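Inspection log for the structure reproduced underneath, given as structure tokens.
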Number of protein chains: 2
Amino acid sequence: MSDNRTGTAGGRAATLSDVAKIAGVSLATASKAINGRGEVAAATRQRVLEAAKKISFTPNELARSLINGRTGTVGLLTSDLEGRFVIPILMGAEDAFGAGQVNVFLCDARGDAIREQHHLNALLTRRVDGIIVVGRSTDPRPSLGHNIPVPVVYAYAPSEDPTDVSITPDNRAGGRLAVEHLIACGRSKIAMITGEAAYAAAQDRAAGVMDALGDAGLELVGRPMFSEWSEHWGRDASAMLFRQFPDIDGIVAGSDQIARGVLDTMRDLGREVPHDVAVVSFDNWEILATNSRPELTSIDANLQQLGRMAATRIFDAIDGTAAAPGVENLPGRLVIRGSTIARR
Amino acid sequence: MSDNRTGTAGGRAATLSDVAKIAGVSLATASKAINGRGEVAAATRQRVLEAAKKISFTPNELARSLINGRTGTVGLLTSDLEGRFVIPILMGAEDAFGAGQVNVFLCDARGDAIREQHHLNALLTRRVDGIIVVGRSTDPRPSLGHNIPVPVVYAYAPSEDPTDVSITPDNRAGGRLAVEHLIACGRSKIAMITGEAAYAAAQDRAAGVMDALGDAGLELVGRPMFSEWSEHWGRDASAMLFRQFPDIDGIVAGSDQIARGVLDTMRDLGREVPHDVAVVSFDNWEILATNSRPELTSIDANLQQLGRMAATRIFDAIDGTAAAPGVENLPGRLVIRGSTIARR
DNA sequence: CTGAAAGCGCTTACAG
DNA sequence: CTGAAAGCGCTTACAG
């Protein structure tokens, strides 16, 4: 097969007319044969398919979309591509849409509202069938409004507008999960080191921690320590904490990164994890969680599932069976490793 | 403004005919006015624009594309979305295409050839103007072939076919860079701990390391140690290494993860970094490199630039000024931190 | 400066 | 079973 960058001798892509001409049938018949629609004689269909194959005919989806009003495309509007959180969501959505069925337009607004508006316009101009908006944190974000002619679903960051459809991780339930696990591991002197207080994720997790401690008749040791979402902070905070409260036996870390810092300090202080101190964290970022000493017990936010759900909501809305508006909170799951339960 | 999910009272999106009717002009004139083309009286243009605004007219890009033969879309065919490497490339490409100008179809083949073919077909059916194929490693990958009617550029993983256009990191030069830096830091007893030998990246970096050592009249201490790209391996390998060669004063780590493991072991062994042992690694994965003790000197592969270049190649090919085929090797850059040069 | 007409590639009633 | 015709939403020569 020679190098052919056009598909036909004429220097342009093969068209249904080309196929019809070669097969000696009308455009209408060629169309029906290709699409398996209408009553077409088996022999005729055969001829058409052969002709199509011969000239590598690829139907032009643009023309089809123009007719049936659906493009089979969806826009993914994110504000933070580099973020580790949007990627699994994006994968889940891509997954749910299926290979070759629905295609996803990826748009990264870089956290810039102007850029987001540009992208939104471009998406509408291309007649996407729906839009998924993926935020970079779980803090509510401004709504795109209701003047958008296609369904919109907000993932990770919920919309500020309660009449929009949003799906976000249930961080409060996650905080409960963390503490309940520590208690189940026999811990009762539990402290919390977490990220920036301005983040809803930090607040929600802390609230869940408090809920669960209260239910168990326990109190947090010290106050929740808010600062950076970093290993550095994990190291520094845990050093401070143990100076003040040497008998802590359980720590909830706001992220795997923070937990990694905590583990470093435990090692420096000669405290054994999990024997002396059990550590549970959030994110279940595998590459961090499975390479530490010991490995980290962590709460996975099920982001890929979150992406799949967002895609499903879009489908439903397109099919007219729209979900009830509001914020849906997706529970996370506890992944148990060596930082809370010793390996034999 | 009321909740309007359609754009017009008729329950469908506003059309140029609607605009023309309201403005009291012909379709042709409306088109020219909207596009700033042709000679249209200022007053007429004004009326048309007002009408368009009134009914929130958004031109249907599908129809335009059908006419001019270009869609302003590009396909991004990746095999590994979760990989940290494809994301910056993807961002760079998205960046180069600009907000709202060209839109990117994201397709993740999950490393499955069948799925890739499905996605490829879908992209062609949607008449993308070009395709960027982003591999998950720097190992050459099968070509998509030359029967594709649009330009194709391979990023990160080059194509096996030298007549394709490929851009890949220059890992050999990176290996040189690493060693030259260690030598500049006064080190002469240098060892290398790296990832799986089956990876071109591992081999190329090792080759560059050997080149630079040879040029300096030095020899590697021991042999390059190949195994997992993990912290675990970094810890274990460096422990073995120092047992055998206690006087090593410089280590090239094949990745930041491996380097993190090396740092852990140095700390366990009581060796001070960088005073006793300097460590340089690859990837410059910030979240790992800037949170270690000390921070990591690392070689950044300039992946975002790689993505931008790939996008540029696509543009050029569309404009008919195609790049010469072959593999282009993009040099990395050394980012110096505390693991090779002590902070004051 | 304005508009009627043809056409981009395809599908879908509707006749035959 | 097959095909002529209209039409999806838009643009572009070409007349006027």
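Here the structure is a predicted model, which means the values were calculated and not measured. Proteins get letters first, then strands, A, B, ... in listed order; numbering begins at 1 in each.
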Listing for DNA chain D: consecutive Watson-Crick or G-U pair runs of at least 3, distance cutoff 3.5 Å, ranges ordered by first number, gives C:1-3 with D:14-16, C:5-12 with D:5-12, C:14-16 with D:1-3
Side chain to side chain contact (heavy atoms under 4.5 Å, CB included) partners of B:Phe105, counting only residues at least two apart: A:Thr73, A:Asn103, A:Phe105, B:Thr73, B:Leu123, B:Arg126, B:Val128
Range on DNA chain D touched by chain A - first to last nucleotide, heavy-atom distance under 4.0 Å: D:dC1 to D:dG9
Under the rule for side chain to side chain contact (heavy atoms under 4.5 Å, CB included), what residues qualify as partners of A:Gln46, not counting sequence neighbours? A:Glu50
Salt bridge (charged side-chain N to carboxylate O under 4.0 Å, His left out) partners of residues 312-323 of chain B, not counting sequence neighbours, each pair once: B:Arg313-B:Glu328
Here the residues of residues 19-30 of chain B within 4.0 Å heavy-atom distance, strictly under, of DNA chain C are B:Val25, B:Ser26, B:Ala28, B:Thr29
Tell me, please, which residues at least two apart from A:Asp139 pass side-chain hydrogen bond (donor to acceptor under 3.5 Å, both in side chains). A:Ser137
Tell me every residue that passes salt bridge (charged side-chain N to carboxylate O under 4.0 Å, His left out) with B:Arg308, counting only those two or more places apart in sequence or in another chain. none
The complete set of salt bridge (charged side-chain N to carboxylate O under 4.0 Å, His left out) pairs with one or both residues in residues 23-48 of chain A, sequence neighbours excluded, reads none
Could you go through A:Asp164 and A:Ser166, starting from their C-alpha distance and side-chain angles, then the distance that decides it, and tell me whether this counts as side-chain hydrogen bond (donor to acceptor under 3.5 Å, both in side chains)? CA-CA 6 Å; A:Asp164 286 324; A:Ser166 304; over 6 Å; no
Pair A:Asp108 + A:Arg115: basic N to acidic O under 4.0 Å: no
Does some side-chain heavy atom of A:Leu106 sit less than 4.5 Å from a side-chain heavy atom of B:Leu76? no
Hits for side chain to side chain contact (heavy atoms under 4.5 Å, CB included) against A:Ile318, two or more places apart or cross-chain, chain-then-number order -> A:Arg70, A:Asp129, A:Pro151, A:Ile314
Work out which heavy atom in B:Val25 is nearest to a heavy atom in B:Val48; give both atom names and the distance. CG2-CG2, 3.9 Å
If you take any heavy atom closer than 4.0 Å to DNA chain D, which residues from residues 39-53 of chain B end up in contact? none
Applying ring-ring contact (aromatic ring centres under 6.0 Å, His included), name anything that partners B:Phe315, two or more places apart in sequence or on another chain. B:Phe97
